[in-house]
Asker: 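First the structure, then my questions, so here it is.
Just so we're clear, the structure is a prediction, and the values are computed from it rather than from any experiment. Computation of the quantities below employed the complete heavy-atom set of this structure, encompassing side-chain atoms and omitting hydrogens, waters and symmetry-equivalent molecules. Below, chain A is the first sequence line, B the second, and so on; all start at residue 1.
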Number of protein chains: 2
Amino acid sequence: MQNCTFGQIGHDGRVTVERVGAELVAVVTAVAAGRPVVLTADEGRHLPFGPLRTEHHSMQAGLHAWVEHQTGHRLGYVEQLYTFADPARATTGGRVVSISYLGLTNAVGDRPGKAWRDWYSFFPWEDQRHDRPGEGLVREAIEPRLGAWVGQGDGTAEREARRLRADVCFGLGERAWSPELVLQRYELLYEAGLIPESPMASADLVVPGEAMAGDHRRILSTGLARLRAKIQYHPVVFELMPESFTLGQLQATVEALAGQALHKQNFRRLVTQQELVEPTGETHGETGGRPARMYRFRRAVLDERQVAGTKLPRTR
Amino acid sequence: MQNCTFGQIGHDGRVTVERVGAELVAVVTAVAAGRPVVLTADEGRHLPFGPLRTEHHSMQAGLHAWVEHQTGHRLGYVEQLYTFADPARATTGGRVVSISYLGLTNAVGDRPGKAWRDWYSFFPWEDQRHDRPGEGLVREAIEPRLGAWVGQGDGTAEREARRLRADVCFGLGERAWSPELVLQRYELLYEAGLIPESPMASADLVVPGEAMAGDHRRILSTGLARLRAKIQYHPVVFELMPESFTLGQLQATVEALAGQALHKQNFRRLVTQQELVEPTGETHGETGGRPARMYRFRRAVLDERQVAGTKLPRTR
DNA sequence: ATCCTTATGCTTGTGTTGAGCATAGATACG
DNA sequence: CGTATCTATGCTCAACACAAGCATAAGGAT
């Protein structure tokens, strides 16, 4: 008889599987007028979530159907994020497994009880588009408080480790800011007690940014991190764009996600050179400058290559 | 009252969560003497799996404890792969959610009932280390059979799409072979009926490679794909290495994972230049050539940067 | 007419990467 | 002992990718 389980096996050789609750959590995002937004419920306190139901053919299908019903818009892209087994609920007998998904759509349709909220109202420090080097929330509010946390470490080695971690996460000292470290930054602030959800938090030291119930802000940060990483090697940005758009709008969308300003000329070269888009022939002249050409996404690239992304040319 | 579920809510406002079975599946790999191996059970028919149990503090902890108990070796690295809701079992009332993990260790210890199997006994076409261009299993067995599958498509458009997909997955025509498309290749072969697990399979057309029970070979291919992708941007290879090693051994390990031969001088330059390793001062002269210097992994890089990988310099 | 704005094209310097040549230090064999 | 052979290691060079900036085009506002 096989002996291949993590736990014990019943006498008949069949595996005894504990029954747990299963729920789906969705991080649905869109970009509207240069603002990245996420679908929330309960006045922004929750991400949309709900039980996995038997009639869902697959989990992805369930999420698709549900979001399209709720928002009236097609989900262009769905990807599984992570599965959490909430330890807090494990001991109370009713263990729950949360399976989280990232979904992208290109239009925001409102429904009662749901609201699109700006990403950066939950993570204000992640938006560095308008910060000058050496200014902004990180320098003014976060760096000094993390400095205090570093100083509270036990012993030199512990303080050194804390200093290094803070520097890497927030691009302090001579280090560069890495947009995709969203989750690591959230976890660091959590451990340092600078987040309201943290058990170690003291109200007067908390960093700006709206809290969410349970671990939903943590799940949201996982979603942002994944999306920021993904746009660098897979053309998912286009799921957030309308059918036709200007390169300026495309860049504004990428900048909204990355939280960083990009070098315009290099961004254009990258996009056009990779043949990710083709001109529609029309132009767009609403901006009070030279009218921009309109483009559409060449969906064929999704078949032609498995790797093709919107890399990020650095600053400005 | 909030209205934020995928399904219905009870009268008290609490969410009714369906109870499902939860099981953990492990893809545990090591590299021994240049062969990448995976831990299997039941004569290679299964990956190790078992129920999620209440006493597991977290799922990762459960996997760690379990594998260390089974193999006697420390798991250096554990990462969640994917969560599957097996649709086949959904309708029979006993829905099961499978949460799969990738684990890496640097030593193979045997226990009764478990066996380390070569990756490439399950996916022979993924090992191209010794193939010359234009030869090997892909050219001889897979390309012609996929050609037939392409020809069976309905209409020109469908045949074109099939041709494109086959070319991208297997690097046919002028396209390059992408090591990390392991899952896509498995799925293509499955759909084309060239895999024994497939319902469309005909015994005489099946491609070489051992089958596994259920979807375990699919889960395994997910693990390989993740690992091949990960070594390019994160220094996980070192979890598979002993404490000290030569650059030649390191290269052999990476080649075993990638299934491709690498350019030796460039590989060395990449590793040393990134300061991933430091010399121990000892040398190793078992190979009948100039003795190689021994190195150890600089664990500090894991803290210093979040991004640091073993990129793959191309062929030979 | 002048200035401001946005869009778009082109150039230049730097760093990364693929590929190959050359040398060093050991063993095997006549 | 000399030579062939093997692996390890160091170095060079050309092609390419990328960051950064300059220059020009085409519209609106005053």
Asker: Taking atom P of dC16(D) as reference, at what distance in whole Å does atom CD of Q274(A) sit?
Answerer: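 Spelled out: CD on Q274(A) to P on dC16(D) is 16 Å.
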
Asker: Calculate the interatomic distance between F267(B) atom CZ and dA19(C) atom P; express it in whole Å.
Answerer: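 Whole-Å distance recorded here is 16 Å.
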
Asker: Quick check on DNA chain C: between R268(A) and Q273(B), whose nearest nucleotide comes earlier from the 5' end?
Answerer: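 Mapping each residue to its closest nucleotide by heavy atoms, the 5'-most match is R268(A).
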
Asker: Could you tell me the separation between the CG atom of L250(A) and the P atom of dT6(C), rounded to a whole number of Å?
Answerer: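 The answer, rounded to whole Å, is 17 Å.
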
Asker: Please tabulate, one pair per line, each protein N/O and nucleotide N/O from nucleotides 21-23 of chain C that are separated by under 3.5 Å, including the distance.
Answerer:
| residue | atom | partner | partner atom | Å |
| --- | --- | --- | --- | --- |
| dC21(C) | N4 | Q265(B) | NE2 | 2.5 |

Asker: With F123(B), which residues qualify under ring pair (Phe, Tyr, Trp, His ring centres under 6.0 Å), at least two apart?
Answerer: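 Only W125(B) meet the ring pair (Phe, Tyr, Trp, His ring centres under 6.0 Å) criterion with F123(B).
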
Asker: Taking atom C1' of dA8(D) as reference, at what distance in whole Å does atom CD of E282(B) sit?
Answerer: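 Going from CD in E282(B) over to C1' in dA8(D) covers 17 Å.
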
Asker: Between atom CG in L262(B) and atom P in dA19(C), what is the gap in whole Å?
Answerer: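 That distance rounds to 11 Å.
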
Asker: Determine all donor-acceptor pairs shorter than 3.5 Å in which one atom belongs to a side chain in residues 136-147 of chain A; sequence neighbours excluded.
Answerer:
| residue | atom | partner | partner atom | Å |
| --- | --- | --- | --- | --- |
| R139(A) | NE | E143(A) | OE1 | 2.6 |
| E140(A) | OE2 | G136(A) | N | 3.3 |
| R145(A) | NE | A141(A) | O | 3.3 |
| R145(A) | NH1 | L205(A) | O | 2.6 |
| R145(A) | NH1 | V206(A) | O | 2.9 |

Asker: What pairs of residues pass the salt bridge (Lys or Arg N to Asp or Glu O under 4.0 Å) test when at least one of them lies in residues 270-283 of chain B, not counting sequence neighbours?
Answerer: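 Those involving residues 270-283 of chain B are E278(B)-R296(B).
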
Asker: Using the test ring pair (Phe, Tyr, Trp, His ring centres under 6.0 Å), find all partners of Y120(B) that sit at least two apart in sequence or belong to another chain.
Answerer: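 So Y120(B) forms no ring pair (Phe, Tyr, Trp, His ring centres under 6.0 Å) with any residue.
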
Asker: Test of understanding: with ring pair (Phe, Tyr, Trp, His ring centres under 6.0 Å), list the residues that count as partners of F297(B), not counting sequence neighbours.
Answerer: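 In terms of ring pair (Phe, Tyr, Trp, His ring centres under 6.0 Å), with neighbours along the sequence ignored, F297(B) is linked to F238(B).
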
Asker: When you measure from every atom of DNA chain D, which of residues 291-298 of chain B have a heavy atom less than 4.0 Å away?
Answerer: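 Heavy-atom contacts with DNA chain D come from P291(B), A292(B), R293(B).
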
Asker: Which residues pass the side chain to side chain contact (heavy atoms under 4.5 Å, CB included) test with R162(A), sequence neighbours left out?
Answerer: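 So R162(A) forms a side chain to side chain contact (heavy atoms under 4.5 Å, CB included) with W149(A), V150(A), Q152(A), E158(A).
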
Asker: Whole angstrom is fine here: how far is it from NE2 in H263(A) over to P in dC10(C)?
Answerer: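 One finds 16 Å between P of dC10(C) and NE2 of H263(A), rounded.
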
Asker: Of the listed nucleotides (dG10(D), dC18(D), dT12(D)), which one gets closest to any side-chain atom of R269(A)?
Answerer: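 So the side chain of R269(A) is nearest to dC18(D).
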
Asker: Should R299(A) and E239(A) count as an ion pair when the cut-off is N to O under 4.0 Å?
Answerer: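 Salt bridge between R299(A) and E239(A), a charged N being under 4.0 Å from a carboxylate O: yes.
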
Asker: Grab the OH-C1' distance between Y233(A) and dA17(D) for me, whole Å please.
Answerer: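 It works out to 21 Å between those atoms.
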
Asker: Can you tell me how far P of dG18(C) sits from CG of L270(B), to the nearest Å?
Answerer: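 My rounded result for the distance is 8 Å.
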
Asker: Suppose we screen for ring pair (Phe, Tyr, Trp, His ring centres under 6.0 Å). Which residues come up paired with Y82(B), at least two apart in sequence or across chains?
Answerer: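 Testing Y82(B) for ring pair (Phe, Tyr, Trp, His ring centres under 6.0 Å), a comparison that skips the adjacent residues, returns F84(B).
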
Asker: Would you call E180(A) and R226(A) a salt bridge, using N to O less than 4.0 angstrom?
Answerer: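 Not counted as a salt bridge, because no side-chain N and carboxylate O are separated by less than 4.0 Å.
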
Asker: Return no unless some side-chain N or O of K264(B) is found under 4.0 Å from OP1 or OP2 of dA8(D).
Answerer: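 Yes, because at least one side-chain N or O of K264(B) sits under 4.0 Å from OP1 or OP2 of dA8(D).
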
